[in-house]
Amino acid sequence: TCEIAAEVFEELRVQRIIARPFLGEKKDNFFRTKNRKDFISPPPIDTLCDKVIKSGKKCFGIGKIADIFGQRGISESVSGMSDDKLFINLNAEEEFLNELTFVYVNSLLFENFKSGNTINTKIIDLKGSTIIPGFIEGHGHIMGVGYNEMNLDLLKTNSNDEIIEIVKNKSKSIKEGEWIIGRGWHQDKWKDSPEKLIKGFPTHDKLSKAIPNHPVYLRHASGHASLANAKAMEMFQVNKNSVDPDGGEIFRDISGNPTGVFNETAQSMITPPSNTFNDHLKALKLANDHAIENGITSFHDAGSDFKDIKAYKTLAENNELDLRLFIMLNGRNDSILNYYYSKGPQIGLYDDHLTIRSIKLYADGALGSRGAWLIEDYSDQQGAHGHVVTPIETLKKVTKEGSNYNFQICTHAIGDMGNRLTLDWYEEAFDLVIREERQIADPRWRIEHSQIITEEDQVRFKDMEII
């Protein structure tokens, strides 16, 4: 006996099905009812077919059950299953069909559907392909995905020389002095490392020599560091006398000269021209299409501002937003926070395509650039503990405000100290109102990344019910 449990479809708000394929010549399919306690047996094939067609409701035939779960062994081990189909009934009135969202039927019923009244029936032949529920991207930056399509995509580069060649080719296609922007490089993934590395990162020298007349700004794959060439640093008067900002660092050589790498908050010292709203719409459309093409149907965006949200709404109003977006507000932007505090969480806008109910904060930086906030020194850099990239008072203030206004708090914390203090701030906010008196008893607060955690703090995640 073979049993398939489609628990994954719970996220799609449909009923669970457990199908037991037939043994030998006897076909015996069972379906779990809504109460999930008993199995019921379907009526005869022709009766079932007749009920579906006469109901006038939509049915979708979406391929073999073995294909849907990618279970090759099932179709191979049980003869006769290759033609079996799975139907989703969306809105049937018949008692039996109300009990089932998924109807697993064999090839005879499928043929009856094809020969019957198919005005309200859509049949999709997968031709042996596998189908699964849409993926939910739990943490990403949707506009960044789009702009990565518009600018230089460096995610698959294997060396510093390859990046320089890509930038050089781009410079030949634009006017002198225009910006060249890219993202995605990661020195730890390069097959060949440059001869000159400082703190494990490349310097601007070779890049600046190859592209002297265009300002170049290339963001690291993590988004927590960037590489600028000499032209860009000259435009913003960055030199050996420049002072590191709070929560950031200009990497320097032994003489104190900038290497071109700007870590964490220091990235704001080089600011390429702002994108227009039309650029934003173009980027969002590209990101939407890119996600859908790769099976991502829902996306948690980790930090949106007014222009971002305006773009989301514009696409939704034009019926061009396929993704279901779950938005975390930019916790560094007081104006957007105050605006949404006054409105409260916005849930299920545009037919569940836009929800705004969370706030994104940053406690520390990234591990690879030594920005994650650690309890002990970095093993390869004595005295370095990482960076606190947002003032602590701001983090504590917004955490408490989020609790008061019923917004979920999602804080970026990678280092063990960053995680520990974030848990402390969450605990302080929770203690202000006892659980029984909270408007939302289980606020499902999150710590994004939570990469390095001490054993004692791992227990606190569980006790405090932090995601």
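The chain is numbered in sequence order, starting from 1.
- Between S222 atom OG and L367 atom CG the span is 10.0 Å, to the nearest 0.5 Å.
- Under the side chain to side chain donor-acceptor pair (under 3.5 Å) criterion, E317 pairs with Y350, sequence neighbours left out.
- Within the structure, the side chain to side chain donor-acceptor pair (under 3.5 Å) test picks out the following pairs touching residues 198-216 (sequence neighbours left out): D161-K206, K196-D205, K199-E249, T203-D205, H204-S208.
- For L337, the side chain to side chain contact (heavy atoms under 4.5 Å, CB included) partners two or more places apart in sequence, or in a different chain, are L329, Y341, I359, V398.
- For the side chain to side chain contact (heavy atoms under 4.5 Å, CB included) test, residues two or more places apart in sequence or in another chain that qualify with A287 are I142, V145.
- Screening residues 229-240 for side chain to side chain donor-acceptor pair (under 3.5 Å) gives no qualifying pairs among residues at least two apart or on separate chains.
- Residues satisfying the ring pair (Phe, Tyr, Trp, His ring centres under 6.0 Å) test with F306, not counting sequence neighbours, are Y339.
- Taking all atoms of both residues into account, the shortest heavy-atom contact from S242 to I250 is CB-CD1, 3.8 Å.
- With a 6.0 Å radius and a threshold of 12 heavy atoms from other residues, nucleotides or ligands, F430 has its CZ atom above the threshold.
- In this structure, T422 and G418 approach most closely via the heavy-atom pair OG1-O, 2.7 Å.
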Item to check | Candidate pair T157 and E162, rule side chain to side chain donor-acceptor pair (under 3.5 Å), full reasoning | outcome: CA-CA 6 Å; T157 53; E162 183 182 353; 5.4 Å; no
Next on the checklist: Apply salt bridge (charged side-chain N to carboxylate O under 4.0 Å, His left out) to residues D424 and R460 and explain how you reach the verdict.
Outcome noted: CA-CA 10 Å; D424 289 346; R460 295 176 70 196; 2.8 Å; yes
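- Among residues two or more places apart in sequence or in another chain, the ring pair (Phe, Tyr, Trp, His ring centres under 6.0 Å) test is passed with H385 by none.
- Crowding of R438 atom CZ: a count of heavy atoms from other residues, nucleotides or ligands under 6.0 Å exceeding 12.
- By the 30° and 60° cut-offs, the orientation of the rings of H141 relative to H139 is perpendicular.
- T454 and D416 share no side-chain donor-acceptor pair at under 3.5 Å.
- Applying the side chain to side chain donor-acceptor pair (under 3.5 Å) criterion to D289, with sequence neighbours excluded, gives no partner residue.
- Residues in residues 225-255 take part in these ring-ring contact (aromatic ring centres under 6.0 Å, His included) pairs, two or more places apart or across chains: F201-F251.
- The local environment of NZ in K282 is sparse, with at most 12 non-hydrogen atoms from other residues, nucleotides or ligands closer than 6.0 Å.
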Next on the checklist: Show, in sequence, the C-alpha distance, side-chain angles and deciding distance for N419 and Q458, and conclude whether the side-chain contact (heavy atoms from CB on, under 4.5 Å) test is met.
Outcome noted: CA-CA 10 Å; N419 276 277; Q458 291 176 29; over 6 Å; no
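- Taking the centre of each ring, H412 and H224 come in below the 6.0 Å mark.
- Once rounded to the nearest 0.5 Å, the distance linking OH of Y312 with CG of L284 reads 7.0 Å.
- Residues that satisfy the side chain to side chain donor-acceptor pair (under 3.5 Å) test with T276, not counting sequence neighbours, are D279.
- Under the rule for a side chain to side chain donor-acceptor pair (under 3.5 Å), the partners of D305 that lie at least two apart in sequence or sit in another chain are N330, N333.
- Within 6.0 Å of atom CG in D253, more than 12 heavy atoms from other residues, nucleotides or ligands are found, so the atom counts as buried in its surroundings.
- Salt bridge status for E401 with K397: present, with a side-chain N to carboxylate O gap under 4.0 Å.
- The side chain to side chain donor-acceptor pair (under 3.5 Å) contacts involving residues 164-186 comprise nothing, where partners must be two or more places apart or lie in separate chains.
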Next on the checklist: Please evaluate residues E456 and R420 with respect to the criterion salt bridge (charged side-chain N to carboxylate O under 4.0 Å, His left out), reporting the C-alpha separation (whole Å), side-chain torsions for both, the decisive distance (0.1 Å), and the verdict.
Outcome noted: CA-CA 9 Å; E456 54 265 40; R420 173 168 295 177; 3.1 Å; yes
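- Here the straight-line distance linking atom CG of D457 with atom CG of D463 works out to 11.0 Å at 0.5 Å rounding.
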